[in-house]
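The next block holds one structure in the form of structure tokens; read it before the comments.
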Amino acid sequence: MSSRRKFLAQSAIGTLGIAFGNYACANKPGQEPMGSSEPVPTVLSTWNNQAANEAAWAVAGKGGRALDAVEQGVRTVEADPEDMSVGYGGRPDRDGHVTLDACIMDETGNCGSVCFLEHIKHPISVARLVMEKTPHVILAGEGALQFALENGFQKEDLLTEKARQEWEEWKKTSEYKPVINIESHDTIGMLALDQQGNMAGACTTSGLAYKIRGRVGDSPIIGAGMYVDNEVGGAVATGLGEAVLKSLGTFLIVELMRQGMSPQQACEEAIRRIISKQEGHKDFQVGFLALNKKGEAGAYSIQPGFSYALYQRDENKVQEAASAL
Ligand code: GLY
């Protein structure tokens, strides 16, 4: 590891310690914090999503339900045309269609998901409706669109002029090779712990730019892009969905935390599994975030450059995760 990498790794872990106040001084990761066992309201999200954290904190930090917090939080990114990896303004598939994936999970283990959904700006809210209003977990493609329209969502053109121009430029070579950390941020995955001590998670993305039409990534798959178990904690993923799908990384992380690992240790082990089993790992990025019921967070990625936003104790900070390479 280069000295810069070591510094970032140490400072990321160090900053996590600061974020958890006196917990970090008195406890090793994964141990019961000393003193108060009151829930520590927390919002944790992938990349530089401080604005999304603000929207979620306005709910989870003020007595609201974690489920509402994560939905409100990620909706801000879905609506932002400048974000070219999520929702409106997302980069299209190779045929020029913006297709969206999202999932959501609440503190009772209920979950909902949509994948390969077109024309709907807020797939996360459709996923929530799938969870709350149907006996199913996943709706896909035309069926998901029909369900959204039947439930009052508006059909919209999600391809912005900027995304269309980039796609036109890409078509000149049509070279399909996702570039690591190319976007200022990729998929948003968010976890929230509310004042009642309940956790929920959400994940939403437009997926890989210029993917083959019909491709679905990890983000709408419960246990791949996101997983929450209210007895233990939750995890979210970002980066190359295929790599996350092959390892069911977020389910793995929650199970490792259940067995006693800290969120940081669990994220590191999930990345280690990908590195040990997937030969091409030097050419792609995966980043994981985890949060346990005590409000302890973990963050780790394959490559440098994965940042995350942590809102806790009235502080909303962006930090870079430590990485394996
Ligand atoms: N992680 C987002 C995707 O691969 O679609």
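Read the numbers this way: they start at 1 and go in the same order the structure lists the ligands and their atoms.
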Using a 6.0 Å cut-off, check whether atom CD of Gln196 has over 12 heavy atoms from anything other than its own residue.
yes
Are any of the N/O atoms in Thr238 less than 3.5 Å from those in ligand 1?
no
Geometric cation-pi criterion, Lys171 with Trp167: 6.0 Å, 45°
yes
Evaluate whether atom CD of Gln154 has more than 12 neighbouring non-hydrogen atoms of other residues, nucleotides or ligands under 6.0 angstrom away.
no
Give me the atom names and distance for the closest heavy-atom approach of Gly64 to Asp194.
O-CB, 3.3 Å
Considering distance alone, does some N or O of Leu240 sit under 3.5 Å from an N or O of ligand 1?
no
Proximal ligand 1 atoms for Ser219, defined as those under 4.0 Å from one of its heavy atoms:
1 (N), 2 (C)
Lys211 vs Asp93, salt bridge (Lys or Arg N to Asp or Glu O under 4.0 Å): CA-CA, chis, key distance, verdict
CA-CA 5 Å; Lys211 59 198 172 188; Asp93 65 17; over 6 Å; no
With respect to Thr205, determine whether any N or O atom, backbone or side chain, lies less than 3.5 Å from an N or O atom of ligand 1.
no
Centroid separation under 6.0 Å, is that true for the rings of Phe288 and Tyr300?
no
Distance-only N or O hit between ligand 1 and Gly207, under 3.5 Å
no
Considering only heavy atoms, does Arg215 approach ligand 1 within less than 4.0 Å through its side chain, its backbone, both, or neither?
side chain
Looking at atom 2 (C) of ligand 1, what's its closest protein heavy atom, distance included?
Thr187 OG1, 3.0 Å
Give the numbers and elements of all ligand 1 atoms closer than 4.0 Å to a heavy atom of Gly239.
1 (N), 2 (C), 3 (C), 4 (O)
